[in-house]
Amino acid sequence: VVSYNNLILGHCRKGDMDVANSLFLEMIEKGLKPNVITYSVLMDGYFKKGDTERGFDVFDQMVGVNIVPTDFTFNTVINGLCKVGRTSEAKEMLKNFVERGFIPICLTYNSIIDGFVKEGAINSALSVYRGMCESGISPNVVTYTSLINGFCKSNNIDLALKMLNEMKSKGLELDVMAYCTLIDGFCKRRDMESARELFSELREVGLSPNIVVYNSMISGFRNLDNMEAALDLHKKMINEGIPCDLQTYTTLIDGLLKDGKLPLASDLYSEMLSKGIVPD
RNA sequence: CGUCUACGAUGCGGGG
């Protein structure tokens with residue numbers, strides 16, 4: 001059964017749900033009894049593909065053969081619903097699951113909070129955050145990053161910074177992704193001064209900027225038609241050995257073209273191709 | 001302590 005589970009898992013991760021399902025049927029034919037992990041893996045595969053209905057079919061099937069869902073199973077369902085924009089449903093189901101003995105963890109709430117953020121329902125996200133705190137579960141850096149991202153995306157940098165302070169007051173440290181979220185927030189509102197400050201701070205606390213941080217900054221400068229600064233960052237990336245990706249190049253090339261710098265743009269295009277990056 | 005949930009950040013263009 002474990003071997004089959006691993007095989008099925010592999011295909012689910014690749015998105016080959018048809019193959020995964022035939023393996024599932026095959027194991028039953030051989031007289032093997034799928035366990036809770038088999039069902040959870042399959043469900044997760046369907047959810048990740050956006051096939052929520054089939055995911056629930058598997059869930060029902062599992063319950064039908066008297067296999068008791070574990071916390072993994074419940075988290076899989078909640079996460080799956082949140083990912084496809086059915087966060088309210090997920091929140092309702094959570095109540096239901098809790099009655100069945102499920103104990104939510106930070107991850108559970110983070111999924112729901114992020115789901116609401118992605119739906120643009122920052123207030124719902126906030127209220128889940130409050131509920132989570134009230135039930136004694138400590139938010140982590142992921143929780144705060146989602147909320148900060150939500151406030152940045154809804155043009156509310158003040159509240160984003162307020163969440164940042166709340167996070168710090170709990171003794172949590174920013175990681176690269178948290179910095180990146182904030183940096184991107186400032187870049188989007190074309191406040192490159194603040195973005196730069198955070199960029200420096202990131203290094204001061206001993207972290208290293210990654211490709212996403214650079215891409216955000218480059219994009220920010222591009223939006224201000226400051227291609228000198230953008231190209232400067234590109235140089236830095238190369239010096240630091242951070243590989244540029246398709247996004248880096250499209251941002252730079254697009255900016256250069258809008259700036260009438262065709263020769264530079266075409267140099268970058270060649271550089272990109274020479275690195276084996278294929279344009280989309 | 002055999003297998004499953006890890007949740008957060010970035011571009012351009014197009015469509016609506």
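Chain naming here is simple, since letters A, B, ... match the order of the sequence lines and numbering starts at 1 in each.
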**Complete:** For RNA chain B, consecutive-pair runs of 3 or more (Watson-Crick or G-U wobble, both H-bond-type distances under 3.5 Å) give none
**Message:** Just to verify, what does A:E228 make a side chain to side chain contact (heavy atoms under 4.5 Å, CB included) with, not counting sequence neighbours?
**Reply:** A:N226, A:K261
**Request:** Mind listing the residues from residues 210-224 of chain A sitting with a heavy atom below 4.0 Å of RNA chain B? Number order is fine.
**Result:** A:N210, A:V212, A:N215, A:S216, A:S219, A:R222
**Request:** Would you tell me whether A:N79 and A:T76 have side-chain atoms, one donor and one acceptor, within less than 3.5 Å of each other?
**Result:** no
**Item:** Range on RNA chain B touched by chain A - first to last nucleotide, heavy-atom distance under 4.0 Å
**Value:** B:rG2 to B:rG13
Identify all side-chain donor-acceptor contacts of residues 154-166 of chain A below 3.5 Å with residues at least two apart in sequence or on another chain.
unit_1, atom_1, unit_2, atom_2, d
A:S154, OG, A:G150, O, 2.9
A:S154, OG, A:F151, O, 3.3
A:N165, ND2, A:L161, O, 3.4
A:E166, OE2, A:Y129, OH, 2.5

**All pairs passing ring pair (Phe, Tyr, Trp, His ring centres under 6.0 Å) where residues 261-280 of chain A contributes a residue, at least two apart** = none
**Prompt:** Which pairs count as salt bridge (Lys or Arg N to Asp or Glu O under 4.0 Å) when at least one residue sits in residues 240-252 of chain A, sequence neighbours excluded?
**Reply:** A:R203-A:E240
**Asked** Does A:Y39 have its ring centroid less than 6.0 Å away from the ring centroid of A:F72?
**Response** no
**Request:** Scan for side chain to side chain donor-acceptor pair (under 3.5 Å) pairs involving residues 185-195 of chain A, sequence neighbours excluded, and state none if there are none.
**Result:** A:D184-A:K188, A:D191-A:S194
**Prompt:** For A:I105, which fellow cluster members are found when Ile, Leu, Val, Met, Phe, Trp and Tyr are connected by side-chain heavy-atom distances below 4.5 angstrom, either directly or through intermediates?
**Reply:** A:L107
Run the side-chain donor-acceptor check on residues 272-280 of chain A: report pairs under 3.5 Å with partners two or more places apart or on a different chain.
unit_1, atom_1, unit_2, atom_2, d
A:S274, OG, A:E271, O, 2.6
A:K275, NZ, A:Y249, OH, 3.2

**Within residues 266-276 of chain A: residues closer than 4.0 Å to RNA chain B (heavy atoms)** = none
**Listed once per pair and sorted, the ring pair (Phe, Tyr, Trp, His ring centres under 6.0 Å) pairs that draw on residues 174-207 of chain A, sequence neighbours left out** = A:F199-A:Y214
**Asked** Would you say the side-chain atoms of A:T181 and A:N149 include a donor-acceptor pair closer than 3.5 Å?
**Response** no
